[in-house]
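Report on the structure given below.
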Amino acid sequence: MTQTEPHSGKWLVLAAVCLAGIMMPLSFTAPGIAIPAISRDLGGSALALAWVVNGFILAFGSAVMAAGALADRFGRKRMFRNGIAAFGLLSLAQVFAPDLPSLIALRALQGVAAATAMAGGSASLAHAFDGKARTQAYSLLGTSFGVGLAFGPVWAGFLIEQFGWRAIFATSVLISVVVLAVGVPRMHESRDPGAKGVDVWGTVTFTGMLLLLTLGIMEGPQIGWTSPLVIGLLLGALALLAAFIQVERTHPRSMLDLSLFRNRRFLGAQALPFGTAFSFVVPLIILPIRFIGIEGYDPVRAGTMMIPLSAPMLVVPFLGALLTRWVSAAALCLTGFAISALALLWLALVPPGAPTGDFIWPLLLTGIGAGLPWGLMDDLAISVVPRERAGMATGFFATVRVAGESLSLAIVGAVLVGALQAGLATQLHGQPPLVPLANALAAADLPQAQALWPGVAHAQWLAIYGQAFQVMTLALAAMTALFGAVAYLTLRRAHAPQALAMPQPAVAQGNAGE
């Protein structure tokens with residue numbers, strides 16, 4: 001985007017990318033609420049139905065860094081346009097999916113399309129905006145991601161109640177059409193002039209590594225962390241990681257510039273999505289399950305209960321970016337994670353069956369705390385690389401964000417299942433089937449638990465679940481505090497509070513006059 005480009009054109013491009021930014025995480029959270037309705041319509045086991053969500057996450061995380069490298073090579077506008085078009089067409093196909101395997105396959109392909117669109121769209125903003133305007137643009141994009149993640153359950157609950165689960169995917173079709181009609185025609189093409197080919201082996205080894213790691217994490221709680229399959233998957237991921245590093249060291253135009261890992265500020269930016277995953281994304285996924293299965297809320301009310309957690313994402317990320325004029329990014333991130341950690345400790349004290357009002361303040365404070373680093377992450381990750389490699393930096397950061405969400409969900413799921421198994425072994429007499437019972441309770445499926453081990457009072461099931469949920473929430477608070485400390489220690493050496501809005505001359509070109 002040139003300096004003579006009309007001001008309105010820039011902001012229409014930003015609006016289109018932010019609209020896509022809402023749509024992508026909406027596609028991550030909304031189908032989770034729809035799982036019971038999909039099960040009634042298409043059937044399938046609990047593990048198979050989980051792949052409606054897991055397939056999208058796995059495909060997105062595996063493809064997003066490769067998509068960023070391809071955007072540098074073939075053009076950010078082209079990748080954004082093609083990704084949005086494919087996303088919309090695949091959403092339309094999901095509206096008419098005849099069975100569960102078809103839906104899962106379409107969801108995986110949609111994850112690849114989402115990765116393509118977001119890598120191209122986010123990298124395009126680095127060329128459309130400079131300086132403080134770029135900081136504001138990325139904070140708005142971060143807010144868009146938060147809105148999509150947070151209001152997905154609310155929107156899904158409404159659509160399921162009114163029109164059925166297929167309407168969720170029809171929403172993505174409509175948004176895709178708007179983005180293609182309004183934003184794409186006003187984009188200017190940009191690419192890395194030095195890109196001379198695609199890092200095929202880097203793409204293959206990295207994608208394979210993330211695939212095996214994700215599968216290993218997903219299967220660990222189900223079949224045991226010491227099972228040969230899980231150990232083999234994790235060792236295979238480690239071997240492919242070593243191969244990826246070797247490939248990137250020798251490739252003339254690598255998919256990932258490994259020298260970035262010598263930059264403490266870049267490393268600090270990668271810690272932020274892990275912190276927000278534990279403090280915001282995991283509660284966003286876990287709490288609706290509790291509200292529906294344990295508290296007895298309907299889908300609409302369960303989605304509405306997410307508003308205290310999600311509402312701060314409408315304003316706090318943008319305010320956080322504005323505050324970098326006076327307060328360092330490191331201090332803002334530390335403050336935000338500290339607030340979230342304390343709020344999660346408060347949430348851990350809320351027992352099953354508590355009044356609705358007992359959830360509101362802990363959730364509101366958790367959302368406020370997570371919102372501060374949320375609005376700073378994207379610009380921090382991209383401001384330390386040359387603008388022509390913006391696609392690479394965007395792709396890697398998006399990969400870290402999705403990998404952090406997947407990993408945090410797996411870790412927290414393992415903690416919850418382990419705590420449930422311990423509680424079941426302590427409180428139930430005889431030899432109950434611990435793993436099936438723990439899986440049923442983790443999914444808040446009390447009727448299934450009662451069918452597996454009859455004769456247990458409802459209050460006892462709630463007590464077992466409540467104790468395990470408390471352990472899980474304490475783990476969330478601890479991980480949030482840990483990544484907040486890591487982010488502060490690695491980001492605190494920024495030279496001035498405005499470092500976020502002023503790319504360093506040594507690594508970002510074209511801004512000397514800002």
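Glu295 places a side-chain N or O within 3.5 Å of a backbone atom of Gly353 that can act as its donor or acceptor partner. Without hydrogens or angle criteria, Gln470 side chain to Ala348 main chain gives a donor-acceptor distance under 3.5 Å. Formation of a donor-acceptor pair under 3.5 Å by the Ser27 side chain with backbone atoms of Met23 is found in this model. With Arg107 contributing its side chain and Phe56 its backbone, the two residues share no donor-acceptor pair below 3.5 Å. Gln460 places a side-chain N or O within 3.5 Å of a backbone atom of Gln427 that can act as its donor or acceptor partner.
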Can you give me every donor-acceptor pair (side chain of residues 270-286, partner residue at least two apart or in another chain, under 3.5 Å) with its distance?
from	atom 1	to	atom 2	distance (Å)
Gln270	NE2	Phe266	O	3.1
Thr276	OG1	Leu272	O	3.3
Thr276	OG1	Pro273	O	3.1
Ser279	OG	Gly275	O	3.0

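Looking at Ile464 and Leu428, their side chains come closer than 4.5 Å, going by heavy atoms from C-beta outward. The closest side-chain heavy-atom distance from Val112 to Phe60 is not below 4.5 Å. Side-chain atoms of Pro288 and Met305, non-hydrogen and from C-beta on, never get closer than 4.5 Å to each other. Using a 4.5 Å heavy-atom cutoff, the side chains of Trp461 and Leu437 are in contact. In this structure, Leu424 and Leu441 have side chains that are in contact, with non-hydrogen atoms separated by less than 4.5 Å. Side-chain contact between Val316 and Leu372 is present, with heavy atoms from C-beta onward closer than 4.5 Å. You'll find the side chain of Pro373 stays beyond 4.5 Å of the side chain of Leu332, heavy atoms only. Side-chain contact between Trp374 and Met377: present, with at least one pair of heavy atoms (C-beta onward) separated by less than 4.5 Å.
Considering every non-hydrogen atom in both Ile160 and Trp165, the closest pair reads CG1-CA, 4.2 Å. For the residue pair Ile292 and Ala302, the shortest heavy atom distance occurs at CG1-CB, 3.6 Å. Considering all non-hydrogen atoms of both residues, Leu446 and His458 come closest at CD1-CE1, 3.3 Å. A pairwise comparison of heavy atoms in Leu452 and Ala440 identifies CD1-CB, 4.5 Å as the closest pair. Here the closest heavy-atom approach between residue Leu365 and residue Ala343 is recorded as CB-CB, 3.7 Å. Thr480 and Ala341 make their closest contact through CG2-N, 4.1 Å (heavy atoms, listed as atom of the first residue, atom of the second, distance).
Sorted by first then second residue, the side chain to side chain donor-acceptor pair (under 3.5 Å) pairs that include residues 353-372, not counting sequence neighbours, are Tyr297-Thr356, Arg301-Thr356.
Taking CD1 from Ile339 and CG from Leu334, the interatomic distance works out to 10.0 Å, rounded to the nearest 0.5 Å. To the nearest 0.5 Å, atom CG of residue Leu344 and atom CG of residue Leu342 are 9.0 Å apart. The OG1 atom of Thr171 sits 12.5 Å away from atom CD1 of Ile22, with the distance rounded to the nearest 0.5 Å. Atom CG of residue Leu489 and atom CG of residue Leu267 lie 12.5 Å apart, to the nearest 0.5 angstrom.
Between Tyr488 and Phe337, the ring center distance fails the sub-6.0 Å criterion.
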I'd like to know whether Arg290 forms a side-chain contact (heavy atoms from CB on, under 4.5 Å) with Phe359, so could you lay out the CA-CA distance, the side-chain angles of the two residues, the decisive distance to 0.1 Å, and finally the verdict. CA-CA 12 Å; Arg290 170 176 172 171; Phe359 292 95; 3.7 Å; yes
